[in-house]
Amino acid sequence: MGGLRRSGRTVTSAERDAWRCTGPVWGTDGPGLGWYHPGAGERTSRIRYGQPLAFVVEGGRRCTGVWRGGHRTPCPEAAAVPVRSRSAQCADCARLDRSRSVAADTRADDPQPYAVYLASFGPALLKVGITAAARGSVRLLEQGAVTFTWLGRGPLMGARRAEELLGAALGVKDRIPSAEKRSVRAALPPVGERFSELASLHARVAELPGWPESLERAPFEPVDHERLFGLDRLAARVSAGHMADVTALGDGVAVSGELLGAAGPDLHLGTEDGVLVLDGRLAAGWVLRAAKPGRPTTAPVRVLAARPAAGTGVQGGLF
């Protein structure tokens, strides 16, 4: 089979003419997986809880290029990407992506409004962040925020100053590591306690001096994603077994289980041993072929440690 040689490796014609996974996709109607084909463009396949999810990886992992303004620019080198990386971009494409990101503070002249939010991922796991107002709650779904509320809305630089204010005055983080999020999802406190913790912080923010005048404050209106994420199914399955996560994918590797739910990039699969957590970002850049449900998982995994939560018992991780 003929092929082109890029980044020191041969890319076969079959690899070039195949749908590649671009990773997890969230909408207000639930999770899905994104796909890209060089000739057919983009598509999304919705994934349903309670259904089997089984696939086999084929070929090598390739850079997914740059997604900007609703359009994907393919990587010109079809560069290989490390199998354990949560990013499916090569260094050059990642650099281009960051050059116009909100996090890089390179969009001070962006005219669209931005929203500031408080998000909770579990007991004492609170963060502040910003998102384009037009995206609504999608950014919170992508991060796996269990509960959130809006703080304000206005221009980007005002939103950024508010984010910095909460960090400096109240010590609110702007980032929560994925491992910490996973460690608590299987044993969350009741929704009333989650709302109470968030309400307390929201009230403290309202009393802070120095709030940017350009930002319109938002009232406390908490939103909870426990059901949308299927976390009740996760908790039930973890109580009957252990929790482990996939550490890498590779050519010929299989992953299989019952889809219990999803939170952020993580897919939670029920297996005979308990719950398997797959960070969907590991699937980006691969060609995935459907497999027979029940096929044994051959991907390398590691057992996840649970983090005790005050008043809630032991908490676990996800698929």
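From a predicted model like this one, the values you see are computed outputs, not experimental measurements.
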Is there a chain of hydrophobic side chains (I, L, V, M, F, W, Y, each step under 4.5 Å between heavy atoms) that links [X] to [Y]?
X: Val238; Y: Tyr49; value: yes
X: Val25; Y: Phe55; value: no
X: Ile47; Y: Tyr36; value: no
X: Leu166; Y: Phe148; value: no
X: Trp35; Y: Val56; value: no

Evaluate the side-chain proximity of [Y] to [X]: yes if any heavy-atom separation is below 4.5 Å, no if none is.
X: Ser85; Y: Arg61; result: yes
X: Leu33; Y: Thr44; result: no
X: Arg289; Y: Val287; result: yes
X: Gln89; Y: Thr64; result: yes
X: Glu77; Y: Asp92; result: no
X: Leu156; Y: Ile130; result: yes
X: Gln143; Y: Tyr117; result: yes
X: Pro189; Y: Pro123; result: yes

Return yes if some donor-acceptor pair links the side-chain N/O of [X] with the main-chain N/O of [Y] below 3.5 Å, else return no.
X: Arg43; Y: Trp19; result: no
X: Thr298; Y: Ala254; result: yes
X: Ser256; Y: Pro296; result: no
X: Thr271; Y: Asp273; result: yes
X: Trp67; Y: Gly65; result: no

Please report the closest heavy-atom contact between [X] and [Y], naming both atoms and the distance.
X: Ser137; Y: Thr28; result: OG-CG2, 4.1 Å
X: Leu249; Y: Leu282; result: CD1-O, 3.6 Å
X: Ala119; Y: Ala145; result: CB-CB, 3.9 Å
X: Val184; Y: Gly122; result: CG2-CA, 4.0 Å
X: Arg302; Y: Asp245; result: CG-OD1, 2.7 Å
X: Arg281; Y: Arg86; result: CB-O, 3.1 Å

[atom1]/[X] to [atom2]/[Y] distance, rounded to the nearest 0.5 angstrom?
X: Leu278; Y: Leu259; atom1: CG; atom2: CG; value: 10.5 Å
X: His268; Y: Leu53; atom1: NE2; atom2: CG; value: 12.5 Å
X: Leu269; Y: Glu258; atom1: CG; atom2: CD; value: 9.0 Å
X: Phe121; Y: Glu180; atom1: CZ; atom2: CD; value: 11.0 Å
X: Lys181; Y: Lys127; atom1: NZ; atom2: NZ; value: 6.5 Å
X: Arg20; Y: His37; atom1: CZ; atom2: NE2; value: 10.5 Å

Q.
Pair Val301, Thr247 - check side chain to side chain contact (heavy atoms under 4.5 Å, CB included), show working.
A. CA-CA 5 Å; Val301 303; Thr247 59; 5.8 Å; no

Acceptor/donor pairs from residues 226-233 side chains to any protein atom, 3.5 angstrom cut, sequence neighbours excluded:
residue: Glu226; atom: OE1; partner: Arg194; partner atom: NH2; Å: 2.9

Show which side-chain atoms of residues 205-219 pair as donor or acceptor with protein atoms under 3.5 Å away, not counting sequence neighbours.
residue: Trp211; atom: NE1; partner: Leu215; partner atom: O; Å: 3.4

Q) Do Tyr114 and Glu163 meet the criterion of a side-chain donor-acceptor pair at a distance under 3.5 Å? A)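 Note: Tyr114 and Glu163 side chains miss the donor-acceptor criterion.
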
Q: Sort and list the pairs that fulfil ring pair (Phe, Tyr, Trp, His ring centres under 6.0 Å) and have at least one residue in residues 169-202, not counting sequence neighbours.
A: His202-Phe220

Q.
Could you walk me through whether Glu142 and Arg139 satisfy the salt bridge (Lys or Arg N to Asp or Glu O under 4.0 Å) test, starting with their C-alpha distance in whole Å, then the side-chain angles of each, then the deciding distance to 0.1 Å, before giving a yes or no?
A. CA-CA 5 Å; Glu142 292 173 344; Arg139 181 59 182 150; 3.5 Å; yes

Q | Lys/Arg N to Asp/Glu carboxylate O, Asp29 vs Arg46, below 4.0 Å | A |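 Yes, Asp29 and Arg46 are salt-bridged.
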
Q.
Applying the side-chain contact (heavy atoms from CB on, under 4.5 Å) criterion to Trp150, which one of Leu140, Val116, Leu118, Val223 satisfies it?
A.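 Among the candidates, only Leu140 passes.
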
